[in-house]
Amino acid sequence: MSAAAPSPAIAEFALRMGDSCLILGHRNSEWCGHSPALEEDIALANTALDLIGQTQLWLELACEAEGAGRRPDDLAFLRDVSGYRNLLLVEQPNGDFGRTLMRQYLFDAWHLPMLKALMGSADSRIAAIAEKASKEVAYHLGRSADLVVRLGDGTKESHTRMQAAVDFLWPYTGEMFIADAVDEDLAASGLAPQPESLRDAWREHVTHTLADATLKAPEKSYAQKGGRRGVHSEHLGFVLAEMQFLQRAYPGARW
Amino acid sequence: MSPGGAAPHEHAGSLHAVDAEQALQNARDVYARRNEGVSIWVVRSSDVVASAPSEKGPLFDPANDKVYRHPTFFDVPDEVGHM
């Protein structure tokens with residue numbers, strides 16, 4: 001790809017998208033070999049791999065738009081917590097399998113409308129990544145919504161766990177729809193949608209799914225925010241410690 | 001599972017699921033990860049009628065010495081394509 005002019009706004013946006021995919025992919029990969037059933041184990045690993053693949057595309061774009069000669073691996077393995085731009089939602093601990101699925105669902109229900117909007121981006125590289133990723137994410141959303149309904153409307157035990165998952169994760173969903181100066185800049189240039197514009201689609205999907213699952217969203221909630229400007233919960237450091245160990249201990253190691 | 005085109009569906013494997021819809025999803029996740037297919041059929045194992053291993057002899061041994069049933073004596077023209 002020919003080198004386009006550096007664009008701090010595109011670099012920041014690609015980091016935000018890539019980091020959310022990377023951290024959620026890593027969180028899901030923590031289940032590999034530990035899921036409650038072989039079928040779920042493989043399905044979750046597939047999802048993780050899809051997300052890591054999308055990370056690769058977003059971080060490549062971030063490097064290109066940054067124009068400082070960094071590579072995607074540098075971004076993934078050599079940035080500290082405050083350099084990460086992911087949503088707080090995706091760094092939350094896995095908890096039980098129900099919470100992991102609920103986190104996936106709440107993210108997917110935002111991720112798909114986001115990618116659909118990005119397919120019309122004024123930047124062809126963003127549109128191309130969104131086009132490819134949207135097929136994978138359409139499947140993620142179908143699957144996670146299906147499992148949320150099955151477990152929410154399942155046994156008393158599964159219902160209780162899923163309700164606890166909604167209650168725990170809900171405060172981390174507001175951040176997806178809050179704009180900052182970067183978002184305003186991107187929206188004005190037709191590069192990315194206003195975060196707020198995705199709220200109705202998300203809300204409608206989630207309302208339907210939770211109703212089918214006999215679950216209730218908390219009526220009063222506070223939006224935890226900060227992830228997209230590098231202010232994270234205490235959990236991200238532990239994720240990075242594990243994910244970055246090899247490159248930290250053996251800089252430049254390859255295989 | 002079928003790789004597409006005119007290729008027939010072939011058995012890919014077994015899995016657990018609570019209903020047909022979930023079985024399709026699980027089959028996609030477990031058996032279609034490496035482009036194995038573009039079409040999946042799922043069947044409840046209880047709906048499969050199988051021959052008994054103990055009847056293997058009477059059922060299959062008679063085919064052992066019927067070499068003339070293998071059409072290996074003919075050159076198949078390339079234009080025929082997949083058979």
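Since the structure is predicted, the reported quantities are computational estimates derived from the model, not experimental observations. Here is how names work: the chains are called A, B, and so on, in the same order as the sequence lines, proteins then strands, and each is numbered from 1.
- Of the two parts of A:Leu49, only the side chain, counted from C-beta on, holds a non-hydrogen atom closer than 4.5 Å to a non-hydrogen atom of chain B.
- Both the backbone and the side chain of A:Ala43 come within contact range of chain B, each with at least one heavy atom under 4.5 Å from a heavy atom of that chain.
- Applying a 4.5 Å heavy-atom cutoff, the residues of residues 17-39 of chain B that approach chain A are B:Val18, B:Asp19, B:Glu21, B:Gln22, B:Gln25, B:Asn26, B:Arg28, B:Asp29, B:Val30, B:Arg33.
- With sequence neighbours excluded, the residues that form a side chain to side chain contact (heavy atoms under 4.5 Å, CB included) with A:Thr207 are A:Arg203.
- Remark: B:His9 NE2 is packed, more than 12 non-hydrogen atoms of other residues, nucleotides or ligands lying under 6.0 Å away.
- Heavy-atom proximity under 4.5 angstrom to chain A picks out nothing from residues 46-60 of chain B.
- Among the residues in residues 90-109 of chain A, none has a non-hydrogen atom closer than 4.5 angstrom to a non-hydrogen atom of chain B.
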